[in-house]
Amino acid sequence: MSLRLIFMGTPDFAVPTLLELVAHGHEIVAVYTRAAKPAKRGLKLQPGPAEQEARRLGIAVITPRTLKTPEALAEFSAHHADAAVVVAYGMILPQAILDAPKLGCFNLHASLLPRWRGAAPINRAIMAGDTETGVMVMKMNAGLDTGDVAMAERMAISDAMTASDLHDALSRLGADLMVRAMAALERGRLQLTKQTSDGVTYAAKIEKAEARIDWNKPSRAVLRHIHGLSPFPGAWCEIAGEDEAARIKVLRCELASGTGAPGAVLDEHLTTACGEGAIRILQLQRAGKAPMKAEEFLRGTPLMPPMRLA
């Protein structure tokens with residue numbers, strides 16, 4: 001037995017779930033995804049990762065600009081899907097679309113709801129210093145991540161994890177969870193639990209204006225800020241120069257011993273003082289350059305006391 005599914009997803013995070021559903025024998029009748037965007041510098045259109053995988057698998061791809069028209073609803077309903085699986089699709093599903101599949105629409109969300117509803121749950125969990133997060137399969141309703149929860153898996157967040165690390169781990173964990181949820185749905189045994197109203201938080205979209213590193217904060221807060229924004233948009237600071245300051249993105253760091261004025265470089269290994277304690281920068285990136293390890297960076301740009309990062 002298998003389900004007849006519409007899959008709705010766009011970025012890398014969605015791909016493992018699509019592949020696992022196909023591998024477990026479900027019939028994916030169509031993949032809905034955001035329309036291809038121009039590549040860097042306005043070159044030819046670049047399909048998103050989910051679209052690329054769908055085309056490789058020979059699955060029909062649909063890229064509507066909106067789902068709110070009668071025509072969009074008619075096209076969606078014409079697939080006669082048992083259910084829709086939604087993973088980082090990037091568009092709001094109106095109630096008529098939610099009601100179209102006979103068993104409903106099911107979303108994979110990268111947090112332990114109701115904590116971190118919204119656009120950037122992975123980044124916000126790291127930046128807030130959370131020690132645990134996870135993935136949940138939720139039956140969608142018209143609210144923002146407010147639907148009844150079917151299944152969940154938890155995962156620890158260590159100080160060493162960047163948003164990229166956690167993204168990849170949760171995408172794999174979520175793919176397995178969604179497959180199990182669809183198997184239970186197929187057997188008529190998927191149980192739903194209403195979300196509690198306690199502990200609701202919202203994961204607002206990351207704004208570039210919040211990416212500058214505040215060295216006045218304690219070292220763990222600085223580390224979590226850096227890792228929560230790595231690799232995009234990237235937490236940044238400036239190195240004072242003779243003519244003008246040079247901006248660098250800090251992509252990976254670790255807690256270190258040492259004290260000094262916030263932003264002070266404490267040794268030749270890029271140990272940098274914070275408001276309390278210090279961090280050691282492990283990976284960074286100059287504007288327009290590829291990411292590099294700290295030791296590689298230091299060969300071309302020596303940074304040592306009494307220099308400061310601002």
Student: May I ask you to decide whether Lys293 forms a salt bridge with Glu296, counting only side-chain N to carboxylate O separations under 4.0 Å?
Tutor: no
Student: Do Leu192 and Val149 come within less than 4.5 Å of each other through their side chains, counting heavy atoms only?
Tutor: no
Student: Quick one: do Glu238 and Arg212 make a salt bridge, cutoff under 4.0 Å?
Tutor: yes
Student: Using side-chain heavy atoms (C-beta onward) and a distance below 4.5 Å, is Phe7 in contact with Val29?
Tutor: no
Student: Under the criterion salt bridge (Lys or Arg N to Asp or Glu O under 4.0 Å), I'd like the reasoning laid out for Asp130 against Arg224: C-alpha separation, chi angles, the key distance, then a yes or no.
Tutor: CA-CA 9 Å; Asp130 290 4; Arg224 285 303 195 102; over 6 Å; no
Student: In sequence, state the C-alpha distance, the side-chain angles, and the governing distance for Arg180 and Asp176, and then conclude on salt bridge (Lys or Arg N to Asp or Glu O under 4.0 Å).
Tutor: CA-CA 6 Å; Arg180 287 190 277 130; Asp176 177 72; 3.1 Å; yes
Student: Kindly say whether Gly234 contributes a backbone atom to a donor-acceptor pair with the side chain of Ser230 at under 3.5 angstrom?
Tutor: no
Student: Any non-hydrogen side-chain atom of Ser219 less than 4.5 Å from a side-chain atom of Val222?
Tutor: no
Student: Would a hydrophobic clustering, with Ile, Leu, Val, Met, Phe, Trp and Tyr connected at side-chain separations under 4.5 Å, put Ile279 with Ile248?
Tutor: yes
Student: Under the salt bridge (Lys or Arg N to Asp or Glu O under 4.0 Å) rule, what do Glu51 and Arg34 come out as? Steps first, then yes or no, please.
Tutor: CA-CA 8 Å; Glu51 179 176 348; Arg34 297 298 299 270; over 6 Å; no
Student: Got a sec, which residues hit ring-ring contact (aromatic ring centres under 6.0 Å, His included) with His167, two or more places apart in sequence or on another chain?
Tutor: Phe13
Student: Quick one: does Arg172's side chain have a donor or acceptor within less than 3.5 Å of a partner on Thr17's backbone?
Tutor: no
Student: Say whether Thr10 and Thr33, considering side chains only, have a donor N or O and an acceptor N or O under 3.5 Å apart.
Tutor: yes
Student: Classify the side-chain pair Thr301/Arg286 by whether it contains a donor and acceptor separated by less than 3.5 Å.
Tutor: yes
Student: Could you check if a side-chain atom of Glu20 sits within less than 4.5 angstrom of a side-chain atom of Met178, using non-hydrogen atoms only?
Tutor: no
Student: Are side-chain heavy atoms of Leu185 and Leu3 found at a separation under 4.5 Å?
Tutor: yes
Student: Does atom CZ (Arg187) have a neighbourhood of more than 12 heavy atoms from anything else shown, all under 6.0 Å?
Tutor: yes
Student: Can you confirm whether Leu251 sits close enough to Ile226 that some side-chain heavy atom of one is under 4.5 Å from a side-chain heavy atom of the other?
Tutor: no
Student: Are Arg252 and Asp165 close enough that some pair of their side-chain heavy atoms sits under 4.5 Å apart?
Tutor: yes
Student: Please answer whether the main-chain N or O of Ala72 pairs with a side-chain N or O of Glu75 as donor and acceptor at a distance below 3.5 Å.
Tutor: no
Student: So, Thr271 side chain and Arg280 main chain: donor-acceptor pair closer than 3.5 Å or not?
Tutor: no
Student: With heavy-atom distances below 4.5 Å as the criterion, would you say the side chains of Met138 and Leu113 are in contact?
Tutor: yes
Student: Any donor and acceptor pair, going by atom type alone, linking the side chain of Arg308 with main-chain N or O of Pro262 inside 3.5 Å?
Tutor: yes
Student: Do Asp12 and Ser171 have side-chain N/O donor and acceptor atoms under 3.5 Å apart?
Tutor: no
Student: Can you confirm if the NZ or CZ of Arg247 lies within 45° of the ring axis of Trp236 and under 6.0 Å from the centre of its six-membered ring?
Tutor: yes
Student: Side-chain heavy atoms under 4.5 angstrom apart, residues restricted to Ile, Leu, Val, Met, Phe, Trp, Tyr: same cluster for Leu177 and Leu170?
Tutor: yes
Student: Can Thr193 and Asp148 be said to form a side-chain hydrogen bond (donor to acceptor under 3.5 Å, both in side chains), step by step?
Tutor: CA-CA 5 Å; Thr193 303; Asp148 295 347; over 6 Å; no
Student: For Gln195 and Gly147, indicate whether the former's side chain and the latter's backbone hold a donor-acceptor pair under 3.5 Å.
Tutor: yes
Student: Counting neighbours of CD on Gln95 that are heavy atoms of other residues, nucleotides or ligands and sit closer than 6.0 Å, is the number greater than 12?
Tutor: yes
Student: Do you know which of Leu93, Val137, Val85, Asp145 makes side-chain contact (heavy atoms from CB on, under 4.5 Å) with Asn107?
Tutor: Asp145
